[in-house]
Protein chains: 2
Amino acid sequence: MNPLDGYLPYLLNRAGARIATAFCEEVRPLGATLQTWRVLAALHERDGRRMGDLSETTSIEVSTLTRLVDGMEKKDLVSRRRDAADARAVTLHATPAGRRLTRRLLPIAERYETVALAGFNGAEAEALKAALRRLYANMEALEKPRRQRG
Amino acid sequence: MNPLDGYLPYLLNRAGARIATAFCEEVRPLGATLQTWRVLAALHERDGRRMGDLSETTSIEVSTLTRLVDGMEKKDLVSRRRDAADARAVTLHATPAGRRLTRRLLPIAERYETVALAGFNGAEAEALKAALRRLYANMEALEKPRRQRG
DNA sequence: TCCGATTATTTGCATTTACAAATAAATGAA
DNA sequence: TTCATTTATTTGTAAATGCAAATAATCGGA
């Protein structure tokens, strides 16, 4: 086994890249991209999120997200609203067309999870997910200080 | 727990993104990027790799890699050679400056592994890595057919 | 109330990226 | 040997990306 095969960030990256590439290719015929899926999935989980929230949830840098959302708005997948409570903020909402696209993407996304975890039993799958959540939490220590947090 | 927190591709992506972002930022003062590190690490493991091999190892798309290598060559970190055995192919070699940079990056990379896996015991860490290798292998099924492979 | 500091988002701009097409070389069958 | 096919890399080009600066609004203290 090569040294890289024992290096966690490498294993993480190549696994993520493989899922991402395949998913991208598969949803392209539907007029979707991986990034639009990420936004739609985040809104499916909770609609009306702010840009900053969406950025953190999707791991898409805010300025990139702004332009991605511009495009999604033009396609009538989402709509921006000024946040009533805080006029600095913008909330994002899936439109009916956005929800329709989400419903088409959901089963594809589920299939990716199934394929990725083929041969894993329930406990193994849950252990992997738990480990990834721990890892993510561990890395918060090296995050650029945004607000104070902890 | 939100639905996304149970979705593996999401967990994978956000963990990878967090490591990537922090690493990027940290190596920037050294004049390096995450992508140059990936190339150097692959060459550190085995020097004289072909572009295609490097692309697969680093998960960097070949045409992107070509231009990345252009830049690294200008910085005298690597050099291209025509493969003696097959003149279609190009092999890439770390230069002394490239190896010096690699030596500076290695301890940083090691620290990322340590931070990421803080609180994991040896068995847990190895289980995570093994799971990521399995996952990567599972996803090969959905790869765009390159050569025949299995 | 007014103002400086903070927070949320967008914009400017240079790079990076990816798909597709082009180039270049090897390979194998006729 | 010749040529069509396959393989390896690069190039054309448009889009995506990310940092830094700009804009816009809130907040809290004087």
Side-chain angles (χ1 to χ4, degrees), chain A residues 13 17 20-29 31-39 48-75 78 80-92 144-149, chain B residues 13 17-18 20-29 31-39 48-75 78-92 144-149:
Chain A
N13 177 252
T21 303
F23 187 86
C24 264
E25 199 178 330
E26 178 147 358
V27 300
R28 186 138 41 124
T33 67
L34 176 56
Q35 302 295 61
T36 66
W37 156 246
R38 286 184 174 141
V39 170
R49 287 178 191 260
R50 294 176 168 197
M51 296 297 287
D53 176 3
L54 222 39
S55 168
E56 188 159 329
T57 302
T58 60
S59 305
I60 299 170
E61 205 270 337
V62 277
S63 72
T64 303
L65 186 63
T66 286
R67 283 173 263 237
L68 173 61
V69 165
D70 288 347
M72 292 178 72
E73 228 179 353
K74 277 202 197 95
K75 288 184 177 177
V78 295
R80 280 182 168 98
R81 285 185 217 155
R82 209 30 91 170
D83 189 323
D86 183 343
R88 289 171 301 181
V90 164
T91 59
L92 203 65
K144 188 183 299 190
R146 301 168 196 274
R147 325 150 218 177
Q148 65 283 23
R149 178 172 28 198
Chain B
N13 176 252
R18 214 168 232 192
T21 303
F23 187 86
C24 264
E25 198 177 331
E26 179 146 357
V27 300
R28 187 138 41 122
T33 68
L34 176 55
Q35 302 294 64
T36 65
W37 156 246
R38 287 185 173 140
V39 170
R49 286 177 190 261
R50 294 175 168 198
M51 296 297 288
D53 176 4
L54 222 40
S55 168
E56 190 158 327
T57 302
T58 60
S59 306
I60 299 170
E61 205 271 336
V62 275
S63 73
T64 302
L65 186 64
T66 286
R67 282 174 261 239
L68 174 61
V69 165
D70 288 347
M72 292 178 71
E73 229 179 352
K74 277 203 198 94
K75 288 185 177 176
V78 294
S79 68
R80 279 180 169 99
R81 286 185 218 153
R82 207 34 86 171
D83 189 322
D86 183 343
R88 289 171 302 180
V90 165
T91 59
L92 204 65
K144 189 183 297 189
R146 300 170 198 273
R147 322 150 221 177
Q148 66 283 23
R149 177 168 32 195

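Naming: A, B, ... by sequence-line order, numbering from 1 per chain. Computed from a predicted model, the values in this text were never measured in an experiment.
- Nucleotide C/dG12 holds its P atom 12 Å from the CG atom of A/Asp70, rounded to whole Å.
- Among residues two or more places apart in sequence or in another chain, the side-chain contact (heavy atoms from CB on, under 4.5 Å) test is passed with A/Ala20 by A/Leu34.
- An OP1 or OP2 oxygen of C/dT17 is reached within less than 4.0 angstrom by a side-chain nitrogen or oxygen of B/Gln35.
- In this structure, the separation between OG on B/Ser79 and CZ on B/Arg81 is 5.0 Å, given to the nearest 0.5 Å.
- The distance between atom CG of A/Leu34 and atom P of C/dC19, rounded to the nearest whole Å, is 12 Å.
- Between the CD atom of A/Glu73 and the P atom of C/dT9 there is a distance of 14 Å, given to the nearest Å.
- A heavy atom closer than 4.0 Å to some atom of DNA chain D occurs in B/Arg80, B/Arg88, these being the qualifying members of residues 79-88 of chain B.
- The separation between A/Met72 atom CE and D/dA16 atom C1' is 15 Å, rounded to whole Å.
- Note: CD (B/Glu26) to P (D/dC19) measures 15 Å, nearest angstrom.
- Looking at residues two or more places apart in sequence or on another chain, you find a side chain to side chain donor-acceptor pair (under 3.5 Å) between B/Thr91 and B/His93.
- Every side chain to side chain donor-acceptor pair (under 3.5 Å) that B/Gln35 has, sequence neighbours left out, goes to B/Arg38.
- Of the residues in residues 60-69 of chain B, B/Glu61, B/Ser63, B/Thr64, B/Arg67 come within less than 4.0 Å of DNA chain C through at least one heavy atom, sorted by number.
- For A/Arg28, taking side-chain heavy atoms from C-beta onward, the closest of the listed nucleotides C/dT10, C/dA8, C/dC19 is C/dC19.
- Every salt bridge (Lys or Arg N to Asp or Glu O under 4.0 Å) that B/Arg80 has, sequence neighbours left out, goes to B/Asp70, B/Glu73.
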Using atom types as modelled, flag every donor-acceptor pair under 3.5 Å from a side chain in residues 62-69 of chain A to any protein atom, sequence neighbours excluded.
{"unit_1": "A/Ser63", "atom_1": "OG", "unit_2": "A/Glu61", "atom_2": "OE1", "d": "2.6"}
{"unit_1": "A/Thr66", "atom_1": "OG1", "unit_2": "A/Val62", "atom_2": "O", "d": "3.3"}

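- Using a distance-only test at 3.5 Å, with no hydrogens or angles considered, no donor-acceptor pair links the side chain of B/Thr21 to the main chain of B/Arg18.
- For the pair B/Met51 CE and C/dA24 C1', the interatomic distance rounds to 15 Å; values are reported in whole Å.
- For the pair A/Thr36 (side chain) and A/Ala32 (backbone), a donor-acceptor distance under 3.5 Å is absent.
- Rounded to whole Å, the distance from CG on A/Leu54 to P on C/dA8 is 14 Å.
- With sequence neighbours excluded, the residues satisfying side-chain contact (heavy atoms from CB on, under 4.5 Å) with B/Asp53 are B/Arg46, B/Arg49, B/Arg50, B/Thr57.
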